[in-house]
Novice: 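Take a look at this one; I'll ask things after.
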Protein chains: 2
Amino acid sequence: MAEAKSNKVNMKTLAKVLNVSIATISKALRDSHDIGEETKQRVIETAKLLHYVPNPYASSLRKRSSNTIAIIIPEIADSFFSQAINGIESIVGQEKYHALIYLTHDSYEREAQMFNDLSSGRVDGVLMSVASNTKDIKHIQELQQAGVPIVFFDRVCEDIPTAKIKTDDFNSAYMATKHLLEQGCKNISLVTIEGYPSILQAREGGYKKALTEHQVKSKEENIISCSNKYNQENIAVLKEHITTVKPDGIIATVEHLATTTYLACEELKLNIPNDIKVVCFTNQITAAILNPPLTTVLQPAYDMGRKAAELLFGHLAGKPIQLEKENITLPSKLIVRDSTRATD
Amino acid sequence: MAEAKSNKVNMKTLAKVLNVSIATISKALRDSHDIGEETKQRVIETAKLLHYVPNPYASSLRKRSSNTIAIIIPEIADSFFSQAINGIESIVGQEKYHALIYLTHDSYEREAQMFNDLSSGRVDGVLMSVASNTKDIKHIQELQQAGVPIVFFDRVCEDIPTAKIKTDDFNSAYMATKHLLEQGCKNISLVTIEGYPSILQAREGGYKKALTEHQVKSKEENIISCSNKYNQENIAVLKEHITTVKPDGIIATVEHLATTTYLACEELKLNIPNDIKVVCFTNQITAAILNPPLTTVLQPAYDMGRKAAELLFGHLAGKPIQLEKENITLPSKLIVRDSTRATD
DNA sequence: ACAGTTTAAGTAAACGTTTAAGCAAATAAA
DNA sequence: TTTATTTGCTTAAACGTTTACTTAAACTGT
């Protein structure tokens, strides 16, 4: 329980020491015009001397704002969200805000419960990537109607009228597919997972468009769904797929599928890129030193987080930003490496 | 500024609706013995009906506790801290606590400033990994003396009497070095970075012990220091080192040095493991699919985060845990892969 | 000299909870 | 039957800020 509490110094303490009213302390510290220059200095000095730190909860209660935001994301296992958080933090820190972090583990129930809690006024705004299986969006709507601004990044919810920071999923999948076709692939499979319709459908769309443009008919059997967890089972699923469908190119649409794909190929004694070429959506720096170096679609994770935070804080600061009009797409980059090298 | 505020329902509202006092509402919701069973039910029912959610800041102010902890870590770029956060979150969520996340970017100044802020009573406890260059620990001592419990994980501060969750850095470096020696290495270099004395000195110690046991004299020139950022410069530093010192084994003591080491070897046209063998302290799942698969020291990141959180929450819950007596070491695992395969 | 304004404070209410203290009615003990 | 005790509720103060309103003194201009 540990309650040492070294006689906390608060405004009352300062007021007593300086023989002025509490209001004077408060106003002096907030640099109000009401207070004389000399008094202000005395207050600031004594506050520093006594290590006064304002109680955020009293302040939040009175002001009805918390200088705190929530970051709600599915997980933090991979490099995308790590980098996005870094981007967010770069703004949060600078703005003297505080960030609460919540992981939904892609569970709708947890997400809904978190939103329920947030309707208490705990945060001034929310930055979020929605859970994979979130279909009912009432919880999000309710928080928004309660006046809490929300900015989506990456895994956006199209039906909520607010700012959305995305990457060009359609186009980057299109480019990845086109790249594989140009490297000679004729039978390209798309490895995907359940959920995240706004993203994965776009990627599927870009994939199909590239195929169509190259007069390749896209077949249902080429689209394969894995579990959204890194596990052995996915390797088996993929091996099964590869042996039956025999693709000569694979696009792995999420980070952890890179390792899965490589291991599946290895177990099947398939050579990348000779027998099969691989592209993956991933931000991992190790892509360059894989066996072989992996061609990746690199997403602007840091920038997405940063941009989302900028919009939210701009809005909170009262700048004339209409969140519902902000729909920003930042480009991903196709980084070509040996895993898709043309074989002749 | 967006202040929609849909007439928030608070205890006053409920009291009015049910025609009882506010105190009755409060006590009913906290299941106090003071309140009759029937009244309790009516209160709970109406609260649910009107979507009442308690104001956390009013509650925190009055109770002088926030149900919130701070996670203070250097960064979140790599898999270690990602996994540790997952471990922490697994407890935080279950205990209905909230987690504020702060990144120090390994800056002492930022860390000190964060601690200063936390002395306001913003959090009930702190989980932290100290910044690389933190030497002056006054800020930590002061927070602790103010009655805020602190639990360290991984990058601990030995001079603060409180719980510390570490991994066996000395022993795992010892094992890694021994492994390299057994694979035939005669000239092993340790690649390290500035800072983190509690960890990196232990790893250096384990490294030296293994050398001594194998009658190999450890030379100063074999210990090389890189920048704690993933960048091109480190590759140059490492190349320079390898060409002059010509090690036949390398131990990279932090995650991002894996990619650096591989790229340096590649640029020097050195074959791993034939020309040089490599071990790295890293948790990345891609280690298995690198070229060649990388022998790693896998740290129990998730478990460390989880254990740290367990201790903190146990203490906060009033369990008889003497934090200053908790000094837990969780074992790392040496995962042998091709990057250290013996060559004959 | 006097009304009007400006300056530099102070007073007190409010934010939404929690809880110690009080109190009337019902129940138990004597 | 009287006295304690328990039950179920209310009152009001407190947590530490912020801020609308008041006030007194010091200027300003005429």
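Order of the sequence lines sets the chain letters (A, B, ...), proteins ahead of strands, with each chain counted from 1. Because the structure is a prediction, the values reported are computed rather than measured.
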Novice: Do B:K27 and C:dT17 have a side chain to base donor-acceptor pair shorter than 3.5 Å?
Specialist: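 Not at all, since no donor on one side and acceptor on the other fall under 3.5 Å apart.
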
Novice: Please confirm whether the shortest side-chain N or O distance from A:S59 to OP1 or OP2 of D:dT17 is below 4.0 Å.
Specialist: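 Checking D:dT17 against A:S59, no side-chain N or O comes under 4.0 Å of OP1 or OP2.
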
Novice: Tell me, with the steps shown, if A:L14 and A:V20 meet side-chain contact (heavy atoms from CB on, under 4.5 Å).
Specialist: CA-CA 8 Å; A:L14 295 183; A:V20 294; over 6 Å; no

Novice: Base, sugar-phosphate, or nothing for A:T39, non-hydrogen atoms under 4.0 angstrom?
Specialist: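 Counting heavy atoms under 4.0 Å across all strands, the contact made by A:T39 is with sugar-phosphate only.
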
Novice: From CG of A:D34 over to C1' of D:dA24, roughly how many Å is that when rounded to an integer?
Specialist: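 Value for this atom pair: 14 Å.
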
Novice: Please state how far atom CG in A:L14 lies from atom C1' in D:dT18, giving the value in whole angstrom units.
Specialist: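 Distance, rounded to whole Å: 15 Å.
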
Novice: Starting at the 5' end of DNA chain D, which residue's closest nucleotide do you reach first, A:T24 or B:G36?
Specialist: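 In this pair, the answer is B:G36.
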
Novice: Rounded to the Å, how far apart are A:Y57 OH and D:dT18 P?
Specialist: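 Distance, rounded to whole Å: 15 Å.
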
Novice: Could you pick out which residue, B:K63 or B:I35, lies toward the 5' side of DNA chain D when each is mapped onto its nearest nucleotide?
Specialist: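 On the 5' side of the pair lies B:I35.
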
Novice: Can you check whether B:S26 has a side-chain N or O nearer than 4.0 Å to OP1 or OP2 of C:dG16?
Specialist: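 No, B:S26 has no side-chain N/O under 4.0 Å of OP1/OP2 on C:dG16.
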
Novice: Does the plane of the ring in A:F115 sit parallel, tilted or perpendicular to the ring in A:H139? Use 30° and 60° as the thresholds.
Specialist: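 A:F115 and A:H139: perpendicular rings.
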
Novice: When you measure from the side chain of A:I22, which nucleotide among C:dG16, D:dA12, D:dT18 comes out closest?
Specialist: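 Looking only at side-chain atoms, A:I22 lies closest to D:dT18.
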
Novice: Please step through side-chain contact (heavy atoms from CB on, under 4.5 Å) for the pair B:N327 and B:K166, ending with a clear verdict.
Specialist: CA-CA 8 Å; B:N327 204 331; B:K166 293 182 282 193; 3.5 Å; yes

Novice: For residues A:S120 and B:N55, determine if any side-chain heavy atom of one lies less than 4.5 Å from a side-chain heavy atom of the other.
Specialist: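 Side-chain contact under 4.5 Å: no.
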
Novice: Hey, does the side chain of B:N10 come within less than 4.0 Å of C:dG16's phosphate (OP1/OP2), counting only N and O?
Specialist: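 So the side-chain polar atoms of B:N10 do come within 4.0 Å of the phosphate oxygens OP1 or OP2 of C:dG16, strictly under.
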
Novice: Where the side chain of B:R62 is concerned, which of C:dT18, D:dG16, C:dA9 is the nearest nucleotide?
Specialist: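 Among the listed nucleotides, the one closest to the side chain of B:R62 is C:dT18.
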
Novice: Using whole Å, report how far CG of B:L61 lies from P of C:dA14.
Specialist: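 Atom CG in B:L61 sits about 17 Å away from atom P in C:dA14.
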
Novice: Separation of A:E38 atom CD from C:dA9 atom C1', in whole Å?
Specialist: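 Atom-to-atom, A:E38 to C:dA9, this comes out as 13 Å.
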
Novice: Please compare A:S21 and B:R30 by the position of their nearest nucleotide in DNA chain C and report the one closer to 5'.
Specialist: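 In this pair, the answer is A:S21.
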
Novice: Rounded to the nearest 0.5 Å, what separates atom CZ in B:F153 from atom CE in B:M128?
Specialist: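 CE of B:M128 is found 9.0 Å from CZ of B:F153.
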
Novice: To the nearest Å, give me how far apart CG (B:L18) and C1' (D:dG8) are.
Specialist: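 Rounded to the whole Å, the gap is 15 Å.
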
Novice: Can you tell me how far CG of A:L143 sits from CE of A:M114, rounded to the nearest 0.5 angstrom?
Specialist: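 Separation between the atoms: 13.0 Å.
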
Novice: As a test of reading the structure: which of C:dT17, D:dT18, D:dG16 is closest to the side chain of A:M11, going by heavy atoms?
Specialist: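 Nearest to the side chain of A:M11 among the choices is D:dT18.
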
Novice: Round to a whole Å and report the spacing from CD of B:Q41 to C1' of D:dG8.
Specialist: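 B:Q41 atom CD is separated from D:dG8 atom C1' by 15 Å.
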
Novice: Is any side-chain N or O of B:Y52 closer than 4.0 Å to OP1 or OP2 of C:dT17?
Specialist: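 Yes, because at least one side-chain N or O of B:Y52 sits under 4.0 Å from OP1 or OP2 of C:dT17.
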
Novice: Output the rounded distance in Å from NE2 (A:H33) to C1' (D:dT19).
Specialist: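 Taking NE2 of A:H33 and C1' of D:dT19, I get 16 Å after rounding.
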
Novice: Within the structure, does a side-chain N or O atom of A:R64 lie under 4.0 Å from either OP1 or OP2 of D:dT18?
Specialist: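 Indeed not, no polar side-chain atom of A:R64 lies that close.
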
Novice: Remember a base hit wins even if backbone is also touched, and classify B:P56 as base, sugar-phosphate or nothing at under 4.0 Å, heavy atoms.
Specialist: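 The residue B:P56 makes no contact with any strand.
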
